[in-house]
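Below is one structure, written out as C-alpha cells; comments come after it.
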Amino acid sequence: MIELWYYVKSDFFKLRNSSFFGAHILFPISGVALVLLYAVFATVSDINKIAVFFQLFAIAYPFVISIVCEIAAEQEIRAGHCHNILVLRSRTKAILSKFLLLIFAGLFAILFSTFLLIMVLPVTGTKLILPVSSLMLPVLTLWSSNILLYAVHIILAFRFGRTICIGIGAIGSLLAALLQTGLGTGLWFVLPYGFGIRLTDFSLKFVLQVLPTINAELKLGIDMCLGMTVLFIAILLIWFSKYGGKCAND
C-alpha cells in the first residue's frame, strides 16, 4: 500500500503541469453554466431542472473520461514511449495508481459540479426541493457506474492513441443519449455507456420516491454494471502487465 501511495503521488506531480486538473475544473463549470441557462429559460418544474443536471453530466461523462484518460496516457507516451512507467518494479501498481487518480479526480469533479449547482441554482429562482444529503445518491451512482469506462479508455489511450480514445468517447456519449430514450429499453444494461444515464435516473427517482422498489430491470442493470466493472479492471491490470509500450500513433 505504501508503494502504491508513492506511485499515486508521483502521477499527481507528473500531471500537475498538464491540462489534467484544469479539465476537472473547466468541465464542471461549463456543465453547470449550461444547466443555469436551461433553468433561466425553460418553463419546467424545479425538480426537472435538477434532473437535467444529472442527465447532462451522465451524457457528457464518457466523452470527458476519454479526454482525461488520453491526457494521462499522453504524458507517459511522450516521456520516452512509456519507458518510465514500464521499468517500474510493479506494473500492476503503476497502472492502478493512474486508474485511482483518474477515478477520484472524476469524483471530485462531480462533487464540485454538485456544489456549484447548489450554490448558484437558487439565483435563477429555482428551489432545491431535495436536501443536499439526498443528492448524494445520484451523484455517487453517476460516478460509480462510469468507473469501468476509465479502465476501457486507459487501454484505448495507451494502445491506440488520442484519435481512437476520444472518438470512442464521443460515440459513447451519443450512445448514452440514445439509451436514455425508449430505444434503450431492454438494451441499456448490456452496454457500458448506458449504465451511467439509466442508473443515475433510477437513483434520482428512488430519492424522489417515484421508484419505491428495485424492479427486475434495475436489479439486472446493477448486477451487470458491477460485473463489468470488476471484469474491465481485471482486464486493465492483466493487459498492462504485458504491455510493451507500443501505440498505434507511433
Side-chain angles (χ1 to χ4, degrees), residues 19-69 71 102-147 149-150 153 166 169-184 188 192-211 225:
S19 58
F20 179 81
F21 294 107
H24 285 86
I25 299 295
L26 178 61
F27 284 121
I29 293 174
S30 301
V32 171
L34 289 175
V35 175
L36 290 178
L37 286 175
Y38 177 83
V40 169
F41 295 105
T43 55
V44 296
S45 65
D46 291 345
I47 195 61
N48 281 340
K49 295 174 183 178
I50 297 174
V52 165
F53 166 78
F54 286 108
Q55 290 169 2
L56 176 64
F57 276 77
I59 291 171
Y61 206 0
F63 181 61
V64 175
I65 287 174
S66 69
I67 292 175
V68 296
C69 286
I71 293 172
L102 281 161
I103 64 173
F104 283 110
L107 177 59
F108 164 79
I110 296 174
L111 291 172
F112 177 56
S113 304
T114 308
F115 173 76
L116 282 179
L117 182 76
I118 293 170
M119 294 296 293
V120 300
L121 193 59
V123 176
T124 66
T126 303
K127 294 181 179 179
L128 288 172
I129 301 174
L130 294 172
V132 175
S133 57
S134 296
L135 290 175
M136 289 301 103
L137 178 60
V139 164
L140 293 176
T141 301
L142 173 60
W143 171 69
S144 60
S145 59
N146 282 284
I147 285 177
L149 295 184
Y150 283 97
H153 283 279
I166 297 180
I171 294 172
S173 285
L174 291 175
L175 276 175
L178 288 174
L179 291 171
Q180 178 192 13
T181 67
L183 295 174
W188 68 269
Y193 293 100
F195 294 147
I197 188 71
R198 285 284 185 153
L199 292 179
T200 303
D201 181 60
F202 278 127
S203 66
L204 184 59
K205 288 179 179 178
F206 183 80
V207 168
L208 294 171
Q209 298 182 343
V210 179
L211 184 72
C225 182

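Quick caveat, the model's predicted, so the values are computed rather than measured.
Relative ring orientation between W188 and F202 is described as tilted, the plane-to-plane angle lying within the 30° to 60° band. Between F104 and W143, the two ring planes are tilted [angle within 30° to 60°].
We find the OG-OH distance between S145 and Y193 to be 13.0 Å, quoted to the nearest 0.5 Å. With values rounded to the nearest 0.5 angstrom, L142 atom CG is found 10.0 Å from L107 atom CG.
Side chains of N146 and I103 form no contact here, defined as non-hydrogen atoms less than 4.5 Å apart. Residues V52 and Q55 are in side-chain contact: their nearest non-hydrogen atoms beyond the backbone lie under 4.5 Å apart. With a 4.5 Å cut-off on side-chain heavy atoms, V44 and Y38 count as touching. The shortest side-chain heavy-atom distance between L135 and F54 falls under the 4.5 Å cut-off.
Each of I50, L199, V207 was checked for a side-chain contact (heavy atoms from CB on, under 4.5 Å) with P138, and the lone residue meeting it is V207.
Qualifying side-chain contact (heavy atoms from CB on, under 4.5 Å) partners for D46, counting only residues two or more places apart in sequence or in other chains: K49, T126, K127, I129. Residues satisfying the ring-ring contact (aromatic ring centres under 6.0 Å, His included) criterion with F57, sequence neighbours excluded, are F53. For S19, there are no side-chain hydrogen bond (donor to acceptor under 3.5 Å, both in side chains) partners, not counting sequence neighbours. Residues satisfying the side-chain contact (heavy atoms from CB on, under 4.5 Å) criterion with A60, sequence neighbours excluded, are absent altogether.
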Side-chain polar contacts of residues 170-178 - donor-acceptor pairs under 3.5 angstrom, sequence neighbours left out - could you list them?
residue : atom : partner : partner atom : Å
S173    : OG   : I59     : O            : 2.7
S173    : OG   : F63     : N            : 3.1

Which pairs would a plain distance check flag for residues 22-35, meaning a side-chain donor or acceptor within less than 3.5 Å of a matching protein atom at least two apart in sequence or in another chain?
residue : atom : partner : partner atom : Å
H24     : ND1  : F20     : O            : 2.8
S30     : OG   : L26     : O            : 3.0

Sequence neighbours left out, cut at 3.5 Å: what donor-acceptor pairs do the side chains of residues 108-122 make with other protein atoms?
residue : atom : partner : partner atom : Å
S113    : OG   : A109    : O            : 2.7
T114    : OG1  : I110    : O            : 2.9

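Between L102 and C69, the closest heavy-atom pair is CD1-SG, 4.0 Å.
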